[in-house]
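Remarks on the structure that follows.
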Number of protein chains: 2
Amino acid sequence: MTDTTSFLNELTSLLGERGLLREPGDMARYVSDWAGVTLGMPLAVARPANTTEVAEVVRRCYAQGIAMTPQGGHSGLVAGALPAASGQELVISLERLNNVRAIDPINFTITVDAGCILENVKLAATEHDCDFPLSLGAQGSCQIGGNIATNAGGLNVLRYGMMRELVLGLEVVLPDGRVLDSLNALHKDNRGYDLQQLFLGSEGTLGIVTGAVLKLSPRPTQNRTALLGLPSVQAVIDLYSLARRDCCDLLTAFELIPRRCIELAIEATPELRDPLESAYPWYVLMEVAATGPVDLGAMLEQLLETGMARDLVLDGALASSATQSAQLWQFRESMLEGQRRRGEHLRTDISIPISAIPDFVTRASEVVMNASPECEIIAYGHVGDGNLHFNILPPTALPDVDKKAHLYALEEQLFDVLDEFHGSISAEHGIGRTKQAAYLARLSPIERELLSGVKSLFDPKGLMNPGRILPNPST
Amino acid sequence: MTDTTSFLNELTSLLGERGLLREPGDMARYVSDWAGVTLGMPLAVARPANTTEVAEVVRRCYAQGIAMTPQGGHSGLVAGALPAASGQELVISLERLNNVRAIDPINFTITVDAGCILENVKLAATEHDCDFPLSLGAQGSCQIGGNIATNAGGLNVLRYGMMRELVLGLEVVLPDGRVLDSLNALHKDNRGYDLQQLFLGSEGTLGIVTGAVLKLSPRPTQNRTALLGLPSVQAVIDLYSLARRDCCDLLTAFELIPRRCIELAIEATPELRDPLESAYPWYVLMEVAATGPVDLGAMLEQLLETGMARDLVLDGALASSATQSAQLWQFRESMLEGQRRRGEHLRTDISIPISAIPDFVTRASEVVMNASPECEIIAYGHVGDGNLHFNILPPTALPDVDKKAHLYALEEQLFDVLDEFHGSISAEHGIGRTKQAAYLARLSPIERELLSGVKSLFDPKGLMNPGRILPNPST
């Protein structure tokens, strides 16, 4: 019996048959993500049932020098939670840690296992007349631990912040198997360096989050949605400025959508009809929500009126029911499906100052269209966060085999433009493996030194999700 | 000429006569803080005029092994920014770095030198129809760098968050004099570990913040203030729950005030009259603010009506003008002055879950009154943050010389109660020197190891604000 076999047998004894998967058929579900990326098979898939089991698995891996891949709901977009092609990494899936541990609606907090699916946490909050405001396309499958590890964003960041602003306390299994317990339900705590901030966005490279205390909000009792047609990106930005004021911080979403995305949505969902009487170059999908007695309808109508008087808004549809609101949001969802159907395309996730969005879109579009006149640009995003998904569909005539290289070259040019605007190559998705080269190329030596130092401090053997964010020093 | 003299002469050459103070008379202003604490004289006081000069001073100190005390506006409450009694520390005052570098009202950001006084940053924002929402008693003197180093809180945290949530980018001089430049004006940025989070709350022990990009909000165009009388702390918490919903996230402040504080306010400012017709055991001072057309008056009246119907609110005064609103806030300010006039007293700054406030106040009051029946308890605070200033005035009969020890013993008992409620000994003020013993006693070995590791990573020689938060390993 090899060392590895005996190690895995011991894990089976620890976790039970359900707790350790070793057959390729059983493991298939753990090797690819939402974007369809697959790198290879893991050594095995551990499915511990609680924090103690996670800690024990990690302790043994650390003692034996086995690399670990912590894994949530497979909705990552940078291949950060997939086992390496080497076949030497143990996947540690958090999926069985899926209990809501406690909810305190007076303190506006919920304490959950890291493997809880985001949608379930939202539902649990709702049952107590509260709201967990993080909202993402993947909320039906993504897990809280993954949301923490990637500092998830989504549609409502402009009002409620990223995951970082929604986490009060964490329970983390460190790479050597010790448990760092800071599951505090405190809204304010200024005791020294805030270590838990490091885990937010660490993509599982510093430890495995097993539990969290999250901040809740009161549950909105009403919301209103509008889809507006606008003449230019500058008008979108000007309208945003107006809306931040006139909507009194009740704005929950303000999405930029180009005409091409409305068309892609209609392609993907033929029962959708063009939302406004004419076609406009740019659209804004916006929503306001409130927990108390405010006339949101009047608020939106007033904004629309002012926007029209200033030639920012050309036309608009205001939803007057939940059904109509869902219909407007359908465009936002179907456009992603329409994009997906085009097959291979460049997906970016960049951020720039909000005020720079119009110039950036102009400049980046010029550069991309010069380099590849037959590609299609689809630039949509979260205006209030300065976060654009400046995506590119390759020329349809291009042979499939060449598309990836073509898009990669365009991405490099796009990122060069981004550098001129002091932007970020990753507003939401993280670095993982996919963005690592572009990330490292932009790090200063000081940053690189400090980041590597943080990694070494938490994970001196380099066994926890190695090679993600920073390259593995041993390879 | 000693080494030290020649070192200081070189600093004078670098910074000019204005830039280095060496005479005790000139240095007096830099050795005590708002709380009146003085430990000793520094080696000298460096007053660099820009980031380059800060970096050069730090580089030379690092090379020579000279300990440094970065200093802001002297409004700290834990003796974190005061030079040690040893006389061997160089104070580095940021007061000459006081320029607003840029303001971008479309991006809702302002870029400032760390030595800018908070009030001036707020005024600069106002000029662009924006608001920098951090609000503290010390805002007329405290500096942005200190606000960052202590992760400052204050009155509006419940709506706008602590300083951590208001900082987008930082420029930091590291302990060896290198400059870490992450002055990004990005609302979202998920590139790897977020190093700058470590500086928030690090109390100057990891480096000197010299510049920051701060997040602005639209400037409120209206606000309403109410002072309410309530029967119990439980009623205060129940009203908070109601207000979070009925005030639609427009709540900017919700302050708990005990009857004793109203009396202290009237003692300190005799022109103040009892704010309500009768006296009530507890008061709430609350404020709502909005940037657009919402009827805040109706909102508060409705809340008051519901609160009265549920026997939570017994009486209330609603300000109907800015003058009346200022009069209500006058109680909050004067009560601090009234407290200060009592001389030596115990000032705490603790946090607990909001839902635990009533039980905590009961239990802590019992323990303190049992131990010292003649002391007076003054428990006020920010309800929405679970942050209480559970302060104690010592028995007036006690000789002054015994008060400190008496209060220290009471603090220990109070903190023991706090531990039962999983609270924090420092919600806002930080650790500095004053809270260090209580802090260290509550750290787990894992936390201690990781925190020391972070300190060593950034400051291997232990020269930057040594002995604050963590003890100096070399002493």
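Just so it is clear, the values below take in all heavy atoms, side chains as well, and ignore hydrogens, waters and symmetry mates. What you are looking at is a predicted structure, and each value in this text was computed from that prediction instead of being measured.
- Chain A forms more heavy-atom pairs under 4.5 Å with one residue of B:L195, B:I357, B:L200, B:L250 than with any other, namely B:L195.
- Remark: the B:D189 side chain and the A:S424 side chain contain an N/O donor-acceptor pair separated by less than 3.5 Å.
- A:T291 contributes atom OG1, which lies 5.5 Å from atom CG of B:D249 (distance to the nearest 0.5 angstrom).
- Within the 4.5 angstrom heavy-atom criterion, only backbone atoms of B:V179 (N, CA, C, O) approach chain A.
- Here B:L206 is the residue among B:L206, B:L180, B:L158 with the most heavy-atom pairs under 4.5 Å with chain A.
- Contacts with chain B were tallied for A:Q302, A:M162, A:M299, A:K435; A:M162 has the most, counting heavy-atom pairs under 4.5 Å.
- A side-chain donor-acceptor contact under 3.5 Å links B:S355 and A:D104.
- If you measure heavy-atom distances from A:R159 to chain B, the contacts under 4.5 Å come from the side chain alone.
- Contacts of A:T150 with chain B are made by backbone atoms alone, with heavy-atom separations under 4.5 Å and no side-chain atom involved.
- The structure places CD1 of A:I106 at 11.5 Å from CZ of B:R244, a figure rounded to the nearest 0.5 Å.
- Listed options B:I469, B:T205, B:N151 were ranked by heavy-atom pairs under 4.5 angstrom with chain A; first place goes to B:N151.
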**Report entry** Pair B:H422-A:L186, side chain to side chain contact (heavy atoms under 4.5 Å, CB included): steps then yes or no
**Finding:** CA-CA 9 Å; B:H422 306 288; A:L186 303 172; over 6 Å; no
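- For A:R191 and B:Y439, the positive end is not near the middle of the six-membered ring at less than 6.0 Å and at most 45° from its axis.
- Of all residues in residues 440-449 of chain A, those placing a non-hydrogen atom less than 4.5 angstrom from a non-hydrogen atom of chain B are A:I446, A:E447, A:E449.
- When all heavy atoms of A:L450 and B:L457 are compared, the closest pair comes out as O-CD2, 3.7 Å.
- The candidate from B:A185, B:P218, B:P220 with the greatest count of non-hydrogen atom pairs under 4.5 Å with chain A is B:P218.
- The two residues A:H187 and B:G384 have their closest heavy-atom pair at CG-O, 4.1 Å.
- Ranked by heavy-atom pairs under 4.5 Å with chain A, the first of B:L174, B:T109, B:D129 is B:D129.
- Without hydrogens or angle criteria, A:N107 side chain to B:I354 main chain gives a donor-acceptor distance under 3.5 Å.
- Neither the backbone nor the side chain of A:F199 comes within less than 4.5 Å of any heavy atom of chain B.
- A distance of 8.5 Å separates CG in A:D194 from CG in B:L198, rounded to the nearest 0.5 Å.
- Ranking B:P353, B:G161, B:G430, B:P105 against chain A, the residue ahead of the rest is B:P353, based on heavy-atom pairs under 4.5 Å.
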Requested in this report: Might you work through the side chain to side chain contact (heavy atoms under 4.5 Å, CB included) test for A:V294 and B:D295, ending with a clear yes or no?
Outcome: CA-CA 8 Å; A:V294 172; B:D295 189 343; over 6 Å; no
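- Taking NZ from A:K188 and CZ from B:R164, the interatomic distance works out to 13.5 Å, rounded to the nearest 0.5 Å.
- In this structure, B:C248 and A:A290 approach most closely via the heavy-atom pair SG-CB, 3.9 Å.
- Of residues 236-243 of chain A, those residues lying under 4.5 Å from chain B by any heavy-atom pair are A:I237, A:Y240, A:S241.
- Remark: A:E203 CD to B:Y193 OH distance equals 8.5 Å, nearest 0.5 Å.
- Interface remark: A:D385 contributes backbone and side-chain atoms alike to the contact with chain B (heavy atom separation under 4.5 Å).
- To the nearest 0.5 Å, atoms CG (B:N190) and CD (A:E428) are separated by 7.5 Å.
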